[in-house]
Every structure is written in structure tokens, then in C-alpha cells.
Amino acid sequence: MKQNLLFCAALFAASSAWAAAPSTVFVSGDGLAESAPVECTKLSENNFQAYARLYADQSIVVKDGNGAECELNGNKNGNVNGVYRINIDFGNNSIELKQITYFAMKHCWTGTEFPMNYVGEGTWAGPFTWANLSNQDNRYKFVVRYPRDNDDSYIYGPVNDANDAEPDGTAEYYYMHDTGKKASDNQWDPKWKLAAQYKDGKQYLVTATLRGAGLTHSFGEIGEIPGTLTAGGSALTEHAYVSMNKIDDFTFEVFTKLKAGELTLSDGTNEYVIVNNDKIAKEAGATEISKDGVYCINVNFASGAASVKEVNAIRFYHLTSFNFVGESLEYKGDGQWSGNVDIPNADDRYRLEMYLDGDIQHWGAKNHTGQRPSNTSLGEAYFHLKRVPWTFWQNEFKFEDSQKGKPQTLNVYLNHPTYTHSFGEFVSTGIEDVTVDENAPVEYYNLQGIRVANPENGIFIRRQGNKTSKVLVK
């Protein structure tokens, strides 16, 4: 009898837990950096998921279909501005936020990755072409990367068994989910197969939509790409107008100083507006800039992604120290930075590290050789830069033995379609040359470069205007 009562109690508890899981779940709140509310995808009876851009240090709110707030255990704040996967489990009343720093379509045979941009509302998009692959085998998957404490990429693969099937024309074939598998452990499976029509040498657009009843992806044509793009408006401070650099077939970008005001974009015929700091829209109007600073304006006409992000810092990143060396370089105008760096008397591998709206972006070797510059015939091309996903060792540059343990002046040039950097003779800066705008707002960052609203009990980076310093806060 006692056993029956215990069984009935357990069954009642389980059924109560099941009943507690709502049929629909929404995410909203000040932490959501895009249109609210966001309806979550129901993965199972107790599990829901959403992908959205979040603000740092501001909370999201989870509600059921009746508008009642759901009490969940876990952190509801993003650590930095960025795109997050939001996992909600009503089986244990928990919520987990995991930042996605990189999303790409991956060719299984060669390992070639086609990076995709987040364009809002749980969607990534980007161009791809099979024409230049050394082997045009049609198997592919999607991979994501998480923050830099994790040096692997993870597979998003088919929900249904598409491993050996050709596309069958059904929507279900393209359904996808996070498999949790490491890409380094699984070259082939899980995978899809690309339809033959997309292997004709043209460039196409792939779109992954991770919101709605089923997570899925699709293929399509790339629209018209302007020949030029010009930035103007009252927000510009360095010039009345700035011609943006065309850094690839689809992307225009410029680094420049802006002030609070209006930013306009035009290709000479059409005007454009950046919507929700995620995507570009062809319409008359202006993008509002709310604060003074040095910004990166980026527009990709293939994916439709667009953003205006503040450049908080650029630093020399020593790989084997797992940290940056020295203070942030000083912005000199027209997309150029310069500053003195004490080159470590240690391992020679390095990259550059940039903080964009508090988020971390690494810049590595565009012409990767794994050698020192004196051991190649690349010349100045050795120092050319490109954005790279976080890895511990890849896409590295190397400094010469003659530079070890010596101060050098590091110059970064993001003012032409080809980005680059150089080292020069150390230039001593006297105290009389140092100026600080005492009216500039003071910002604090932890040693990982994450902005902290209220620093306490530790060492932090204090930034005021274009000057930074390390401070101890008790």
C-alpha cells in the first residue's frame, strides 16, 4: 500500500511538472536588442529555444502565452552585446544563455567555411560558391563557435536522416538542430547534400532561420550589389562625406569617428538605413548615432547584414600569454591606429584583438604561412589582416627574434580595402604630450575586455576618451 502511495505521489508530481510547462513561451525585456516579444521554438514538451541579439548587463523576461512571467533558475543577462542561443527547460525550471560568435556553412570534403552574418530575428545569411573548391563534393553542414574559452566548432545538422539522401524537394529535408557534436570529431556526419543547381559556379545566398516552428535553411539568388557606397550626415566628424571601402564582392566598410547625430548612406541613386543595427533597408532616412566615438560601419549587400559598432579598443594579442599586451592603440584618424607595444621576450605568435561594442573580434593573417615575415617572399602582404574566428593558435602572425623583449610602435591601417599593420621604431611619448578630455565619460572593462557597469574587487581597465589604464578597485 505504501509503495502504491509513493508511486501515485511520484506520478502526480511528474504530471504536475508536465502541466506546468506552457504551450507557448515568449522572450522580452530590456535585455532584448531586437523586436519584442520573441516566440520561442518548442523542441519538446519541456524544452524551448530562441536565438536573439541581447544587450549586455540587462535582463530578459520569459513569459507564457497568457503573459505570466516564468520563474527560472539561471542567468538572464548577456555578458556582452551579442547574439545568443536561449535554452529554456521547464523540467528543471532553468534558463541558459550561450553566445554565438561565429556561424558558417561548411563544405565537408575540404573543410572550407562560408561565414554567415546575423541579420536579426534568429536568422543568419551569407554568400557561398562551390566553383573554387578543390573538390566539389556536395556534402555540407553548418558550424557555430562559442566564446573564446572554447576552441572548437559545433555542428548544426539535419533533424531528419539526410546523411545519404539527395534533396527531395520537401521542406523537412532542410530542417536542422544543434547536434552538440564537435566538428573536429566528425568530418562527414551529420550532413546534407547540395542540389546540383547550386554548383554551377555562380555565387548564391544561404539563409539559416533558427526561429519558428522548425529550424531550417534555404538557398536563393543574391540581389544587385551597388558599385559604391558613401556615408554622410551630421554624425560624421572627419569629413563631410566618406567613401566606404569595398572589402569584398558584397561588403562595404569604413572605420571613422562619429558624433551624436544622423548617419546617411547612399550609392548615388538609392538611400539606405540600418535597421535595428542588424540589417540594411533601401529607403530614405538616416541612422541615428547616440554617442561620440570611433565606429565601424559595415554593410553586406549579399546577406543584408549591416551595423554601426563602436570600436572600444585595438590591442596587440600575444597568443601564448592568452592576453593582450599593453594599452589600446590610439586612434589617429581616417581608420588608422598607432601605439607603443612592449614585444614579449617569449613565443613569437600574435594576432590583433578588437573590442566592438564590448564584444571581442580577432584579426589574423590574411595570407597565412605560419612563418616569420623574413622567411617568406610575401613582403608587405605578410601583414595583411582579416577577421578570424577565435582559435588558440590559428591565423597567427610571428614577430622576429630581433624584436623580442623590445618596445615597438604598432601601426594598424583599416583605411583601404586591404587592411594591414606594421611595426616601427619605438617613439617615446613625454608626459607633456598626454592629453585627456576630462569631460569624456569614464568606462571600465574587465581583463577579458568585457564592459563592467559597476566594477568592484579586482583589476579593471579604465577608459576615458582615447586613454586607458589599469586600476585596482576595492
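As a basis for the values below, the full set of heavy atoms in this structure was taken, side chains included, without hydrogen atoms, waters or symmetry mates.
- Two residues are said to be in side-chain contact when any heavy atoms from C-beta on lie closer than 4.5 Å; Trp390 and Tyr102 fail this criterion.
- A pairwise comparison of heavy atoms in Val273 and Gly285 identifies CG2-C, 3.7 Å as the closest pair.
- Judged by distance alone, with hydrogens and angles left aside, the side-chain atoms of Asn81 form a donor-acceptor pair with the main-chain N or O of Asp357 at under 3.5 Å.
- At a threshold of 4.5 Å between non-hydrogen side-chain atoms, the residues His107 and Tyr140 do not count as touching.
- Counting only distance, with no hydrogens or angles, the side chain of Lys279 and the backbone of Gly120 share no donor-acceptor pair below 3.5 Å.
- How far CG of Asn395 is from CG of Leu385: 11.0 Å, rounded to the nearest 0.5 Å.
- Contact annotation: the side chain of Cys40 approaches that of Ile88 to within less than 4.5 Å [non-hydrogen atoms, C-beta and beyond].
- Without hydrogens or angle criteria, Trp363 side chain to Met354 main chain gives no donor-acceptor distance under 3.5 Å.
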Working note: Asn300 + Thr251, criterion side-chain hydrogen bond (donor to acceptor under 3.5 Å, both in side chains); need CA distance, chi angles, decisive distance, verdict. CA-CA 4 Å; Asn300 185 309; Thr251 308; 3.0 Å; yes

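- In terms of modelled atom types and a separation under 3.5 Å, the side chain of Glu96 and the main chain of Asn87 share no donor-acceptor contact.
- Dense packing is recorded around CD of Gln197, with more than 12 heavy atoms of other residues, nucleotides or ligands lying under 6.0 Å away.
- When all heavy atoms of Pro22 and Phe48 are compared, the pair lying nearest together is O-CZ, 3.2 Å.
- Not counting sequence neighbours, the partners of Phe397 by the ring-ring contact (aromatic ring centres under 6.0 Å, His included) test are Tyr350, Tyr382, His421.
- For the atom pair OG1 (Thr41) and CZ (Arg211), the distance works out to 8.5 Å, reported to the nearest 0.5 Å.
- The only member of Phe142, Tyr118, Tyr156 that meets ring-ring contact (aromatic ring centres under 6.0 Å, His included) when paired with Trp124 is Tyr118.
- Counting all heavy atoms, side chain and backbone alike, Leu205 lies closest to Ala302 at CD1-O, 3.3 Å.
- At least one side-chain heavy atom of Pro190 sits under 4.5 Å from a side-chain heavy atom of Ile155.
- With a 6.0 Å radius and a threshold of 12 heavy atoms from other residues, nucleotides or ligands, Asp249 has its CG atom above the threshold.
- Shortest non-hydrogen contact noted between Ile225 and Ile222 is CD1-CG2, 4.0 Å.
- Judged by the 6.0 Å and 45° rule, Arg315 forms no cation-pi pair with Trp337.
- Between the side chains of Ser338 and Asn411, at least one donor N or O sits under 3.5 Å from an acceptor N or O.
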side-chain contact (heavy atoms from CB on, under 4.5 Å) for Tyr272 and Asp267? Distances and angles first, verdict last. CA-CA 8 Å; Tyr272 301 89; Asp267 63 10; 2.8 Å; yes

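- Counting all heavy atoms, side chain and backbone alike, Leu97 lies closest to Gly78 at CD1-N, 4.0 Å.
- More than 12 heavy atoms of other residues, nucleotides or ligands sit less than 6.0 Å from atom CZ of Phe392.
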Residues Glu271, Lys282; criterion side-chain contact (heavy atoms from CB on, under 4.5 Å); working and verdict: CA-CA 6 Å; Glu271 296 181 20; Lys282 185 192 292 186; over 6 Å; no

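- A donor and an acceptor atom, one from each side chain of Gln49 and Asp178, are nowhere located under 3.5 Å apart.
- Nearest heavy atom pair, residue Ser134 against residue Thr110, reads OG-CG2, 3.5 Å.
- Remark: Lys366 fails to qualify as a cation-pi partner of Tyr419 under the 6.0 Å distance and 45° angle criteria applied to the six-membered ring.
- Between the side chain of Glu34 and the backbone N or O of Arg53, at least one donor-acceptor pair lies under 3.5 Å.
- Annotation: the span from Leu410 atom CG to Ile314 atom CD1 amounts to 9.0 Å, rounded to 0.5 Å.
- For the atom pair Tyr241 OH and Thr230 OG1, the distance stands at 9.5 Å (nearest 0.5 Å).
- Under the side chain to side chain donor-acceptor pair (under 3.5 Å) test applied with His362, the options Gln394, Lys386, Arg351 reduce to a single match, Arg351.
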Could you check Leu258 against Ile297 for side-chain contact (heavy atoms from CB on, under 4.5 Å), going step by step and ending with a plain yes or no? CA-CA 10 Å; Leu258 301 177; Ile297 308 169; 4.3 Å; yes

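- In terms of modelled atom types and a separation under 3.5 Å, the side chain of Asp200 and the main chain of Lys202 share a donor-acceptor contact.
- Comment: Glu253 engages Arg387 in a salt bridge, judged by a side-chain N to carboxylate O separation of less than 4.0 angstrom.
- Judged by distance alone, with hydrogens and angles left aside, the side-chain atoms of Thr179 form no donor-acceptor pair with the main-chain N or O of Gly157 at under 3.5 Å.
- Using a 4.5 Å cut-off on side-chain heavy atoms (C-beta onward), Thr237 and Asp292 make no contact.
- Counted within 6.0 Å of OH on Tyr55, heavy atoms from surrounding residues, nucleotides or ligands total 12 or fewer; the atom is thus considered open.
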Should Thr209 and Glu121 be marked as a side-chain contact (heavy atoms from CB on, under 4.5 Å) after you check the CA-CA gap, both sets of side-chain angles, and the distance that decides it? CA-CA 8 Å; Thr209 303; Glu121 301 184 14; over 6 Å; no

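- Taking a 6.0 Å sphere around CD of Glu283, one finds it holds more than 12 heavy atoms contributed by other residues, nucleotides or ligands.
- Looking at Ile100 and Tyr146, their side chains come closer than 4.5 Å, going by heavy atoms from C-beta outward.
- For the atom pair Ser307 OG and Ile280 CD1, the distance stands at 10.0 Å (nearest 0.5 Å).
- Looking at Tyr198 and Val206, their side chains never come closer than 4.5 Å, going by heavy atoms from C-beta outward.
- Considering only heavy atoms from C-beta on, Glu262 comes within 4.5 Å of Glu288 through its side chain.
- Ion pairing between Lys332 and Glu330 holds under the 4.0 Å rule for side-chain N and carboxylate O.
- Checked by atom type and distance alone, the side chain of Asn138 never pairs as donor or acceptor with a backbone atom of Ala195 at under 3.5 Å.
- Within the model, atoms CG of Leu236 and NZ of Lys257 stand 12.5 Å from one another, a figure rounded to the nearest 0.5 Å.
- The backbone N or O of Ile247 lies less than 3.5 Å from no partner atom in the side chain of Asn245, so there is not a single donor-acceptor pair.
- The closest donor-acceptor contact from the side chain of His217 to the backbone of Tyr174 lies under 3.5 Å.
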